[in-house]
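Each remark here refers to the structure printed beneath this line.
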Number of protein chains: 2
Amino acid sequence: MSTSKLEYEMKAKIIKALAHPSRLMMVDALSEGEKCVCELTELVGADISTVSKHLSVMKNAGIVEDRKAGLQVFYRLRVPCIIKFFGCIEAVMREEAKTKEQIISSVG
Amino acid sequence: MSTSKLEYEMKAKIIKALAHPSRLMMVDALSEGEKCVCELTELVGADISTVSKHLSVMKNAGIVEDRKAGLQVFYRLRVPCIIKFFGCIEAVMREEAKTKEQIISSVG
DNA sequence: GGTATAGTTGGTTGACTTGCCAACCACAAG
DNA sequence: CTTGTGGTTGGCAAGTCAACCAACTATACC
């Protein structure tokens, strides 16, 4: 089952949309439920225009969707499994920590 | 359980190392078992120096590890769960396809 | 030693990303 | 209709990334 080049490009676009500390922080927050831009802005501590752009990157990638309510815009995860993905990323980090430990103990 | 800014940065680094079509293609190939740089070069169809740099990005992020055997260097996945991650990315793509369908049928 | 092969590293160039400010749009409430 | 608030968009400066070529390292084999 060969995967086409176009498909890899689409996947890369989605993954790229997750590949930023502030965006990860927002996704983490959104895993608890929808949040307005103002809440996310306070959370990440950046300019609201910056946060808005981050959100539009993720929206464009299909990771989040929005809903306007009065003056506020609420964002939520469109595909909750994104959260599980983090488990594997943490596994990579644990592996790395383990390797570093071994290096340190072999030097010590 | 609040996650620190540093932790988000580390996770983002790992995710960023996956966020490229050629690198995804290589990870996919490596899920079948280790491959030498020459095989991966042929697979992605880029200059060998480009492929080598992609691999070093992933190695630096802890995604792959390498092993030298004679003239060749073999790379393999360090944390196989990376592959499962793709399942979720595909879910995002399916959701997106579904939404587009709805838009098209509502227009038609 | 000399030569060939497999990879890595350095350097350059063009393209993309990020973050902020400023300007703008949309809704709500006087 | 004006004013205020919440978001978005445009634009710029700084930084990062990707691809190739060229130069280099490392191993193998003669």
Side-chain angles (χ1 to χ4, degrees), chain A residues 5-6 8-27 29-30 33-78, chain B residues 5-6 8-27 29-30 33-78:
Chain A
K5 201 170 174 180
L6 179 64
Y8 283 119
E9 279 166 17
M10 294 196 301
K11 285 184 187 176
K13 181 188 167 189
I14 296 168
I15 297 174
K16 207 181 291 185
L18 284 170
H20 187 288
S22 301
R23 297 202 284 259
L24 287 180
M25 200 182 291
M26 291 192 249
V27 167
L30 292 178
E34 65 174 18
K35 300 249 187 300
C36 67
V37 179
C38 53
E39 286 173 289
L40 296 169
T41 298
E42 189 160 353
L43 175 75
V44 310
D47 194 278
I48 187 171
S49 70
T50 301
V51 171
S52 176
K53 276 176 186 174
H54 279 311
L55 286 165
S56 87
V57 168
M58 293 200 283
K59 184 181 167 185
N60 203 251
I63 294 167
V64 299
E65 51 194 355
D66 59 348
R67 167 179 81 83
K68 187 151 196 179
L71 280 177
Q72 293 175 310
V73 178
F74 289 87
Y75 280 83
R76 64 177 170 284
L77 293 184
R78 207 154 74 110
Chain B
K5 200 169 172 178
L6 179 65
Y8 283 118
E9 278 165 16
M10 293 196 302
K11 286 184 188 176
K13 180 188 167 190
I14 295 168
I15 296 174
K16 205 181 292 186
L18 286 169
H20 187 287
S22 302
R23 296 202 284 258
L24 287 180
M25 201 181 292
M26 291 192 249
V27 167
L30 293 177
E34 67 174 19
K35 300 249 187 300
C36 68
V37 180
C38 54
E39 286 173 289
L40 295 169
T41 298
E42 189 161 352
L43 175 74
V44 311
D47 194 279
I48 187 170
S49 69
T50 302
V51 171
S52 177
K53 277 176 186 172
H54 280 310
L55 286 165
S56 87
V57 168
M58 292 200 284
K59 183 181 168 185
N60 203 251
I63 294 167
V64 299
E65 52 194 355
D66 59 347
R67 169 178 80 83
K68 185 150 196 176
L71 280 177
Q72 294 175 309
V73 178
F74 288 88
Y75 280 84
R76 63 177 169 283
L77 293 185
R78 207 154 73 111

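No experiment lies behind these values; they were computed from the predicted model shown. Chain letters run A, B, ... following the sequence lines, proteins first and then strands; every chain starts at 1.
The distance from atom CD1 of Ile48(B) to atom C1' of dC20(D) is 13 Å, rounded to the nearest whole Å. Between the CZ atom of Phe74(A) and the C1' atom of dC27(C) there is a distance of 14 Å, rounded to whole Å. Taking atom CD on Gln72(B) and atom C1' on dT8(C), their separation rounds to 15 Å, with Å as the unit. For the pair Glu42(B) CD and dA6(C) C1', the computed distance is 14 Å after rounding to whole Å. Per the geometry, CD belonging to Glu34(A) stands 12 Å off P belonging to dG7(D), to the nearest Å. If you take CD of Glu9(A) and C1' of dA18(D), they are 14 Å apart, rounded to a whole angstrom. When the P atom of dG7(D) is taken as reference, atom CG of Leu40(A) falls 9 Å away, rounded to whole Å. Going from atom CG of Asp66(A) over to atom C1' of dG7(D) covers 11 Å, rounded to whole Å.
You'll find that the side chain of Asp47(A) is closest to dC21(C), out of dG7(D), dC21(C), dA18(D). Checked against dG7(D), dC20(D), dG7(C), the side chain of Lys53(B) finds its nearest nucleotide in dC20(D).
OP1 and OP2 of dG19(C) both lie 4.0 Å or more from every side-chain N or O belonging to Thr50(A). For the pair Ser49(B) and dT8(C), the criterion of a side-chain N or O lying under 4.0 Å from OP1 or OP2 is not met. An OP1 or OP2 oxygen of dC16(C) is reached within less than 4.0 angstrom by no side-chain nitrogen or oxygen of His20(B). Taking 4.0 angstrom as the limit, Ser52(B) places none of its side-chain polar atoms (N or O) nearer than this to OP1 or OP2 of dG7(C).
Atom NZ of Lys11(B) is separated from atom CG of Leu24(A) by 7.5 Å, given to the nearest 0.5 angstrom. Here the CE atom belonging to Met58(A) is positioned 15.0 Å from the NZ atom belonging to Lys53(A), to the nearest 0.5 angstrom.
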Checking Leu6(B) against Glu9(B) for the side-chain contact (heavy atoms from CB on, under 4.5 Å) test, could you report, in this order, the C-alpha distance in whole Å, the side-chain angles of both residues, the deciding distance, and whether it holds? CA-CA 5 Å; Leu6(B) 179 65; Glu9(B) 278 165 16; 4.1 Å; yes
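Nearest-nucleotide mapping onto DNA chain C: of Leu71(A) and His54(A), the residue sitting toward the 5' end is His54(A). Between Ala69(A) and Ser22(A), the residue anchored closer to the 5' end of DNA chain C is Ser22(A), taking for each the nucleotide with the nearest heavy atom.
The residue Tyr75(A) sits close only to the backbone: its heavy atoms come under 4.0 Å of sugar-phosphate atoms, none of a base.
Residues Arg67(A) and Val73(A) have side chains not in contact (no heavy-atom distance under 4.5 Å, counting atoms from C-beta outward).
With respect to Lys59(B) and Glu65(B), no salt bridge is recorded, no charged nitrogen being found less than 4.0 Å from a carboxylate O.
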